[in-house]
Amino acid sequence: MGVVEERYPFKEIESKWQNKWKCTKDYKVATDQGKPKYYCLEMFPYPSGALHMGHLRVYTIGDVIARFKRRLGYNVLHPMGWDAFGLPAENAAIEHGTHPAEWTKNNIAKMKSQLTRLGTSYDWDREVTSCLPDYYRWTQWLFLHFYHQGLAYRAKAPVNWCPQCATVLANEQVEGGACWRCDTPVVSKELEQWFFKITAYADRLLEDLEDLGWPERVKVMQENWIGRSEGVEVDFPVKGREDKIRIFTTRADTLYGVTYMVLAPEHPLVEELVRGTRYEKDVMDFVARVARMNTADRVAGEGKKEGLFTGAYAVNPLNGEEVPIWVGDYVVMEYGTGAIMAVPAHDQRDFEFARQYGLPIRVVIQPEGWELVAEEMTEAVTDPGVMVNSGPFTGLPSQEGIKKVAAYLEERGIGRKKVNYRLRDWLISRQRYWGAPIPIVYCDGCGIVPVPEEELPVMLPEKVKFRASGPSPLARHQEFVNTSCPKCGKPARRETDTMDTFMCSSWYYLRYTSPWTSRRPWEEEDVNYWMPVDQYIGGIEHAILHLLYSRFFVKVLYDSGLVQAKEPFANLLTQGMVIKEGAKMSKSKGNIVSPDEILEKYGADTARLFILFAAPPEKDLDWNERGVEGCARFLNRVWRLVRRLEDKVPPLGANGASGRGDADGDDAALERSLHQTIKKVTEDVSERFNFNTAISAIMELVNETYSYLEKREESQWNLGLLRETLEGITLVLAPFAPHIGEELWHRLGHKDSVHLCPWPGFDPEKVKAREVTVVVQVNGRVRDRMLVAAETSERDLREMALERERVKKHLSGKKVVKVITVPQKLVNIVAR
RNA sequence: GCCGGGAUGUCGGAACUGGUAGACGAUAUGGACUUAAAAUCCAUUGGGCCUUUGGCCCGUGCGGGUUCGAGUCCCGCUCCCGGCACCA
């Protein structure tokens, strides 16, 4: 029985088929209007050096989907490339002296070979690398396109600066006041930078979320990030001055409850109000102190509020009342108008501030069911209620009041409806070398001049010197900086900032559709055939960043007629993390599992199978070596099963096709299992991406096939049925374990690749069981089981159930009140 | 605080629109094969109770409810994970 104990030689098999697939280019695709397309895409990696387990997981999931859809007859675009600009390359250059281009190139080579070893089915002819001039040329082209659309502008503004990365960051790249990449607290700096006007698309970015096949939580995260808020802006005149303080509020119904105003420390009016007054020194000291705090400190001081009276008063435009104007750190300049009306009775922050500084509290909304008394309140009451002390609005329900007061303000020209967003424009300048140069020239005479399209790309100079601190290599590179103005020809200076690498990744999926074109960023026919991406797969960490920027890009391109898709990614799958012993893999914890070691020890098929089997794709996956061994065991079982029978089972169509009507029904049972398995795998993969249950179904079929062989003498085996079964197993296993699938398929006598073979269908008739186990319950408790013909009628079921001895025992002394029957499932007898 | 998601054996996880809770895999235990080990194969593997073949009871985070029947639906909580947050 030597063969039976054999383990499958994965090393030979895997390299054999990987070479074959490479030569035959089985996964190369072309635009084909006559075929339904399917664009399957995984987020392209940053070439950091080597794949980690997280990469292994995404690329395995994507590969299974691509292989599966191909087999279903789709023209599948499944490309791969490299998000190759970025800081680590530059930092490596500073530390080790390797040029970023060299470092990146080596990493790409390494990671590409790892992806090949994993058995992925990419069309490598479409590989894109964002740091190469033939790619970043178009990134620059897109910058100019945005510029010409009025969507790129240069502005001086307070921006987030990461001292560690020595560059500015977009708002999306600051997490809790710290740099998303290195976790260093960011500081605020006033700089002139390039911005993309993403806020102009806020509403569409919000509205179009609805139709996306994305996880709810990702949609909600984007919703929160955009932070749409409807309200009114109201002007409060300043007593004794021409100035007005404009505020934004969502609670116009509480306008009669205003007892003071607060300006943000950065508000331009602050200085003017206090100038020359006895309040000036204290207020300006306070303003300076707040300005010195970095973002992290200000976030950390959450809840603690500080403020000062400015000595000035504002007039409530509704009731003419004079209220003191304060300056306070709990009001931020970036949101709304940088000034608020304070209604301590109905806003928790105002309430805390008022209590702290002894400012008056006035109730103007009485919630239903209890009587609010300002002096007795311990917190603000924000619930809706009835308006009180509100002049002509008294007695109105507050929710109605919001609208009525707004209308009243608008009529009198003292206020207007306004929608505010939390979303800020996207700051795309970076003070670093390893990125796409911003194609702009500054001329003393002409000002900001875009580099003409035909002069693209603005090449990143290769010979530069890296230093640990100071200006970026680009800013110090005189030949790069000094140029002539494209407009007037006089000496001019180039922009030395490069673009945020999120620019590069905002359009790479468009480039994949026609990466060879050198005349345009993409060919219209190709981009419109393939887009949108049907299934996008990647980590949740890009829920806002990459996914929001890409959506913005496509909307802009749609508006200019460059693409027909309104959204880049129709469906999104966010895969969970790979963890070990309940913790994220990290160097400090020493729980890192290396993909190379896994591929070496167990092979790609086993690694893939475990990744897919251990958890559904959205959930975290706990890496467990014993589980990996279980998957290796399973593949060996399949291997031995085919090896044992490959010379015995006749080709399909020849004599010995599966005979039915065998006396004991084992043949029918095995055949049924086969069809049920195909059905289950098909549904689990196509409808829900539940690879784990699909694989367990295949395991069950393999177990049953072994049982079948065990049960009978070899002479009694139905060899035709066994061939059908073995082929079925191979066909459905192939997307998950492509190498062994291909090998077994060929061992079974086939000449073509299993991966190009149509997905097997199932016969709905053969899925149905002839006999089923029906459960008999008495008062909802299972008391017996009956094996009956599947088509047994409800009446028969009921009668049979009532006749069962065990049932009678439980019915003794009771009266049958009701009998519920569910054909093929159960009978429930209700007795009292 | 607001929003989203979750809690099922020893572990990873199954259970379609309410209908046999624990599929599949791992672990553990026992057995077969072997000089022995590995590998392989077979059996058992939620808890408790009863004298057995067998049977009974409990059990899907907690407390209620709806229903013939609830892991699944409803109400009220607890805890965990994630996002946002002086956002006016």
Side-chain angles (χ1 to χ4, degrees), chain A residues 1 4-7 175-176 215-225 227 229 231 247-251 254 262 264 298-299 301-305 328-332 334-343 347-350 352-353 379 382 420-422 540 543-544 582 609-610 613-616 618-631 633-634 636-637 640 680 683-684 687-688 690 692-700 702-703 706-707 710 773-785 806 809 817-822 824-831:
Chain A
M1 291 284 267
V4 174
E5 292 180 16
E6 188 181 319
R7 317 185 76 174
E175 294 170 349
E216 193 56 32
R217 60 175 180 149
V218 177
K219 292 198 207 181
V220 169
M221 280 161 77
Q222 292 214 349
E223 258 172 55
N224 288 345
W225 189 260
S229 158
I247 59 96
F248 173 76
T249 181
T250 54
R251 291 294 304 271
T254 62
V262 189
R298 219 165 146 177
V299 169
E302 177 186 322
K304 276 189 200 156
K305 298 172 183 53
D329 62 358
Y330 78 102
V331 176
V332 296
E334 295 83 49
Y335 186 77
T337 59
I340 62 155
M341 64 177 205
V343 187
D347 182 286
Q348 184 58 23
R349 295 152 303 180
D350 297 342
E352 287 166 20
F353 193 80
E379 59 181 6
T382 55
N420 258 327
Y421 300 92
R422 219 186 66 93
I540 187 84
I544 310 284
L609 202 70
F610 175 72
F613 178 67
E618 307 83 10
K619 278 190 125 185
D620 285 352
L621 183 157
D622 204 339
W623 193 268
N624 172 358
E625 191 102 358
R626 308 308 288 259
V628 180
E629 279 165 14
C631 288
R633 236 187 319 266
F634 167 69
N636 280 316
R637 255 165 87 75
R640 287 191 300 267
K680 175 134 181 79
E683 290 169 356
D684 283 358
E687 288 163 25
R688 325 188 285 167
N690 277 6
N692 55 335
T693 51
I695 291 166
S696 74
I698 304 174
M699 288 172 167
E700 283 180 83
V702 170
N703 291 345
Y706 268 101
S707 305
E710 198 73 20
T773 302
V774 168
V775 167
V776 185
Q777 298 180 328
V778 176
N779 291 333
R781 288 171 180 280
V782 179
R783 297 304 181 187
D784 201 1
R785 282 152 226 259
R806 289 185 190 166
K809 203 170 99 190
V817 182
K818 197 175 175 185
V819 180
I820 287 118
T821 53
V822 181
Q824 304 200 28
K825 282 266 157 69
L826 61 69
V827 178
N828 188 10
I829 300 161
V830 187

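Treat the numbers as computed from the prediction; the structure is a model and nothing was measured.
- Here the CG-OG1 distance, from Asn420(A) to Thr250(A), works out to 10.0 Å after rounding to the nearest 0.5 Å.
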Could I get a table of every N or O pair under 3.5 Å where one atom is in the protein and the other is in nucleotides 57-60 of chain B?
| from | atom 1 | to | atom 2 | distance (Å) |
| --- | --- | --- | --- | --- |
| C57(B) | OP1 | Arg783(A) | NH2 | 3.2 |
| C57(B) | OP2 | Arg783(A) | NH1 | 3.0 |
| C58(B) | OP1 | Arg781(A) | NH2 | 3.4 |
| C58(B) | OP2 | Arg781(A) | NH1 | 2.8 |
| C58(B) | OP2 | Arg781(A) | NH2 | 2.8 |

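- Comparing G25(B) with A15(B), their P atoms are spaced 16 Å from each other, to the whole Å.
- In this structure, Arg633(A) places its CZ atom 8 Å from P of A39(B), rounding to the nearest Å.
- Taking the C1' atom of each, U27(B) and U10(B) are spaced 7 Å apart, rounded to whole Å.
- Across A88(B), C24(B), C68(B), the shortest atom-to-atom separation from the side chain of Ser696(A) is found for C24(B).
- Between Val830(A) and Val819(A) the shortest side-chain heavy-atom distance does not fall below 4.5 Å.
- Across all strands, Pro616(A) comes closer than 4.0 Å only to sugar-phosphate atoms, never to a base (heavy-atom distances).
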Could you check Arg637(A) against Asn703(A) for side chain to side chain donor-acceptor pair (under 3.5 Å), going step by step and ending with a plain yes or no?
CA-CA 9 Å; Arg637(A) 255 165 87 75; Asn703(A) 291 345; 2.7 Å; yes
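- The minimum heavy-atom distance between Ala614(A) and Leu621(A), with the atom names listed, is CB-CG, 4.2 Å.
- Computed from coordinates, the Arg251(A) CZ to A88(B) P distance equals 11 Å when rounded to whole Å.
- When the side chain to side chain contact (heavy atoms under 4.5 Å, CB included) test is applied to Arg251(A), the partners found at least two apart in sequence or on another chain are Thr249(A), Asp253(A), Thr254(A), Ile365(A), Thr382(A), Ile402(A).
- Without hydrogens or angle criteria, Asn828(A) side chain to Ile820(A) main chain gives no donor-acceptor distance under 3.5 Å.
- To the nearest whole angstrom, the two P atoms, one in G71(B) and one in G64(B), are 15 Å apart.
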Show each protein N/O and nucleotides 42-51 of chain B N/O combination with a separation under 3.5 Å, one pair to a line.
none

Whether each nucleotide of nucleotides 6-11 of chain B has a protein heavy atom under 4.0 Å at its base (B), only at its sugar-phosphate (S) or at neither (-) is summarised, 5' to 3', as ------
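- Note: Arg688(A) CZ to Thr693(A) OG1 = 5.0 Å, rounded to the nearest 0.5 Å.
- Atom CD1 in Ile340(A) sits 8.5 Å away from atom CD1 in Ile247(A) (nearest 0.5 Å).
- A39(B) and U34(B) have their C1' atoms separated by 11 Å, with the value rounded to a whole Å.
- Applying the side chain to side chain donor-acceptor pair (under 3.5 Å) rule to Gln777(A) yields no partners; only residues at least two apart in sequence or on another chain are considered.
- As a whole-Å value, the separation of Glu618(A) CD from G4(B) C1' is 15 Å.
- Looking at residues two or more places apart in sequence or on another chain, you find a side chain to side chain donor-acceptor pair (under 3.5 Å) between Asp347(A) and Arg349(A).
- Its glycosidic angle being within 90° of 0, G9(B) falls on the syn side.
- For the P atoms, the distance from G9(B) to U66(B) is 27 Å, rounded to whole Å.
- Using a 4.5 Å cut-off on side-chain heavy atoms (C-beta onward), Phe613(A) and Met699(A) make contact.
- Here G13(B) presents its P atom at 15 Å from CE of Met699(A), a figure rounded to the nearest Å.
- Here A26(B) presents its P atom at 11 Å from CZ of Phe610(A), a figure rounded to the nearest Å.
- Remark: the backbone N or O of Asp684(A) is not paired with any side-chain donor or acceptor of Asn690(A) at under 3.5 angstrom.
- With rounding to whole Å, Asn420(A) atom CG is found 15 Å from A85(B) atom P.
- For Asn692(A), counting side-chain heavy atoms from C-beta on, the closest listed nucleotide (A14(B), C3(B), C24(B)) is A14(B).
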Under-3.5 Å N/O pairs linking protein and nucleotides 79-81 of chain B:
none

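- Separation of the P atoms belonging to A14(B) and C3(B) is 28 Å when rounded to the nearest angstrom.
- Across the protein-nucleic acid pair, Ile340(A) atom CD1 and C87(B) atom P stand 10 Å apart, rounded to whole Å.
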Between the protein and nucleotides 18-20 of chain B, list every N/O to N/O distance that falls short of 3.5 Å.
| from | atom 1 | to | atom 2 | distance (Å) |
| --- | --- | --- | --- | --- |
| U20(B) | O2 | Arg785(A) | NH1 | 2.1 |

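- Residues Gln222(A) and Ala543(A) come closest through the heavy atom pair NE2-O, 2.8 Å.
- For Trp623(A), the ring-ring contact (aromatic ring centres under 6.0 Å, His included) partners two or more places apart in sequence, or in a different chain, are Phe610(A).
- For Ser229(A), the side-chain atoms get nearest to A88(B) when compared with the rest of C87(B), C68(B), A88(B).
- Following rounding to the nearest Å, Trp225(A) (CH2) and C2(B) (C1') show an atom-to-atom distance of 16 Å.
- Of the P atoms belonging to U20(B) and C86(B), the separation is 49 Å, rounded to the nearest Å.
- Closest of all the heavy-atom pairs between Leu826(A) and Val774(A) is CA-CG1, 3.7 Å.
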How does RNA chain B look in dot-bracket notation if pairs are Watson-Crick or G-U with both distances under 3.5 Å, crossing ones as [ ], other-strand ones as |?
(((((((..(((......[....))).(((((.......))))).(((((...)))))..(((((..]....))))))))))))....
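- Phosphate contact (OP1/OP2 of C86(B), side-chain N/O of Lys305(A), threshold under 4.0 Å): absent.
- Backbone-only contact: Gly630(A) has heavy atoms under 4.0 Å from sugar-phosphate atoms and none from a base.
- Of the inter-residue distances, the one linking Arg7(A) atom CZ with Arg633(A) atom CZ reads 9.0 Å to the nearest 0.5 angstrom.
- Residues forming a side chain to side chain donor-acceptor pair (under 3.5 Å) with Asp620(A) (at least two apart in sequence, or on another chain): none.
- Considering only side-chain atoms of Val331(A), the nucleotide from A88(B), A23(B), G12(B) that sits closest is A88(B).
- Partners of Thr773(A) by side chain to side chain contact (heavy atoms under 4.5 Å, CB included), not counting sequence neighbours, listed by chain and number: Arg785(A), Leu787(A).
- Within the 4.0 angstrom heavy-atom criterion, base atoms lie near Arg422(A).
- The Thr250(A) side chain lies nearest to A88(B) when the options are G55(B), A28(B), A88(B).
- When the side-chain nitrogen and oxygen atoms of Asn636(A) are compared with OP1 and OP2 of U40(B), none of them lie within a distance under 4.0 Å.
- Here CD of Glu618(A) is found 10.5 Å from CD1 of Ile540(A). Values are rounded to the nearest 0.5 Å.
- On the C1' atoms, A23(B) is 16 Å away from C11(B), given to the nearest whole Å.
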